[in-house]
Amino acid sequence: EPEVTQTPSHQVTQMGQEVILRCVPISNHLYFYWYRQILGQKVEFLVSFYNNEISEKSEIFDDQFSVERPDGSNFTLKIRSTKLEDSAMYFCASRGIMVSNQPQHFGDGTRLSIL
Amino acid sequence: SQQGEEDPQALSIQEGENATMNCSYKTSINNLQWYRQNSGRGLVHLILIRSNEREKHSGRLRVTLDTSKKSSSLLITASRAADTASYFCATAERSDTGRRALTFGSGTRLQVQP
């Protein structure tokens with residue numbers, strides 16, 4: 001069964017450094033999402049992406065964050081200057097286009113640790 | 001409570017017993033979805049119920065939705081040790097574009113004792 005893949009599984013970065021998290025969504029999906037989950041807390045929405053542009057973003061997704069679909073398969077989340085509070089699991093998800101009542105399929109996540 | 005709040009927060013049962021988890025939400029929704037998360041892993045989609053549906057089954061899972069009470073329940077029958085995980089409900093708000101992100105609850109941690 002097709003799945004969403006994320007790399008790396010674990011990223012350790014110094015505070016203030018830039019980090020890029022990578023995702024390969026399911027191949028025929030057209031809606032893409034990033035979520036994060038701080039340890040012990042809820043999964044929180046960051047941003048959604050459709051037709052090569054951001055559809056929706058949350059308050060968390062400030063100027064330090066950006067997303068890109070550089071080619072036909074990858075979907076990336078960049079954090080420009082990381083802070084300690086950016087430490088979390090970051091999940092990518094994708095959804096098929098058909099109708100709105102389609103589930104989102106999630107990757108296994110990237111654990112980001114900011115030192 | 002916040003959008004997509006589950007209850008109980010933690011549940012411990014014996015193998016073979018049924019597990020029931022509840023979820024409440026606040027806004028109008030297109031659908032409600034249940035996900036499972038094993039410790040340190042990603043979210044696995046279990047079942048989606050549309051706002052015009054009242055009950056849905058998938059294997060040992062049974063989901064109900066009461067839009068008048070803005071609540072849903074997930075029942076896992078004949079539980080197994082492998083069902084040990086956190087379970088989250090997530091709502092997709094009603095919108096014209098259907099592009100709404102999911103709003104997750106805090107989850108129920110289910111422990112099934114062998």
Side-chain angles (χ1 to χ4, degrees), chain A residues 1-7 9-10 23 25-26 29-51 53-61 67 88-111 113, chain B residues 1-7 9-10 23-25 27-53 56 58 61 63 65 67 85-109:
Chain A
E1 186 174 326
E3 57 183 27
V4 176
T5 56
Q6 290 185 243
T7 55
S9 57
H10 192 186
C23 170
I26 294 173
H29 284 187
L30 294 177
Y31 292 108
F32 312 116
Y33 308 83
W34 283 100
Y35 294 82
R36 79 171 186 192
Q37 185 181 32
I38 295 171
L39 187 63
Q41 297 187 23
K42 293 184 183 186
V43 176
E44 301 172 291
F45 166 70
L46 293 177
V47 65
S48 61
F49 193 85
Y50 170 71
N51 200 25
E53 62 181 18
I54 291 174
S55 297
E56 187 181 3
K57 58 183 180 180
S58 71
E59 292 176 354
I60 302 167
F61 194 87
V67 288
M89 279 288 277
Y90 287 81
F91 294 107
C92 173
S94 68
R95 180 167 73 83
I97 186 171
M98 296 298 292
V99 295
S100 60
N101 287 308
Q102 290 276 326
Q104 292 182 24
H105 295 271
F106 285 75
D108 276 344
T110 293
R111 181 173 301 281
S113 301
Chain B
S1 63
Q2 299 177 34
Q3 181 82 348
E5 283 299 309
E6 289 89 341
D7 122 77
Q9 290 186 332
C23 167
S24 61
Y25 60 92
T27 63
S28 294
I29 61 172
N30 271 336
N31 62 68
L32 185 145
Q33 303 177 39
W34 284 91
Y35 286 83
R36 186 183 77 195
Q37 184 181 36
N38 287 61
S39 181
R41 299 298 304 276
L43 295 151
V44 176
H45 181 261
L46 296 175
I47 196 164
L48 179 152
I49 186 164
R50 299 176 186 180
S51 59
N52 61 353
E53 296 176 312
K56 203 162 181 180
S58 176
L61 306 180
V63 168
L65 180 64
T67 53
S86 290
Y87 292 82
F88 296 89
C89 72
T91 51
E93 288 183 39
R94 188 176 300 282
S95 76
D96 293 336
T97 62
R99 296 175 192 171
R100 286 292 188 182
L102 294 176
T103 301
F104 281 83
S106 302
T108 293
R109 291 185 306 281

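Every chain is numbered from 1 and lettered A, B, ... according to where its sequence line falls, protein lines coming before strand lines. Note that the structure is a prediction, hence the values are computed from the model and not measured.
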Original post:
Taking all non-hydrogen atoms of both residues, which atom of A/E56 and which atom of B/A101 are closest, and how far apart?
Top reply: OE1-N, 3.4 Å
**OP:** Step through the shown structure and confirm whether more than 12 heavy atoms of other residues, nucleotides or ligands are within 6.0 Å of NZ on B/K56.
**Re:** yes
Original post:
Of the backbone (N, CA, C, O) and the side chain (C-beta and beyond), which part of A/Q6 lies under 4.5 Å from a heavy atom of chain B, both, or neither?
Top reply: neither
**OP:** List the steps, then state whether side chain to side chain contact (heavy atoms under 4.5 Å, CB included) holds for A/Y35 with B/L102.
**Re:** CA-CA 9 Å; A/Y35 294 82; B/L102 294 176; 3.5 Å; yes
**OP:** Mind checking the CD-CG spacing from A/Q102 to B/N30? Nearest 0.5 Å is all I need.
**Re:** 12.0 Å
Original post:
Can you name the residues that form a side chain to side chain donor-acceptor pair (under 3.5 Å) with B/W34, not counting sequence neighbours?
Top reply: B/S72
Subject >> Any residue meeting side chain to side chain donor-acceptor pair (under 3.5 Å) with B/R36, in chain and number order, not counting sequence neighbours >> reply: B/N38
Original post:
Are the side chains of A/F45 and B/F104 in touch, meaning some heavy atoms are under 4.5 Å apart?
Top reply: no
Original post:
Taking atom types as modelled, is there a side-chain donor on A/Q104 or B/Q33 under 3.5 Å from an acceptor on the other?
Top reply: no
Original post:
Is the A/F106-B/Y35 ring centre distance short of 6.0 angstrom?
Top reply: yes
Original post:
Where does the angle between the aromatic ring planes of B/H45 and A/H105 fall among parallel (under 30°), tilted (30 to 60°) and perpendicular (over 60°)?
Top reply: tilted
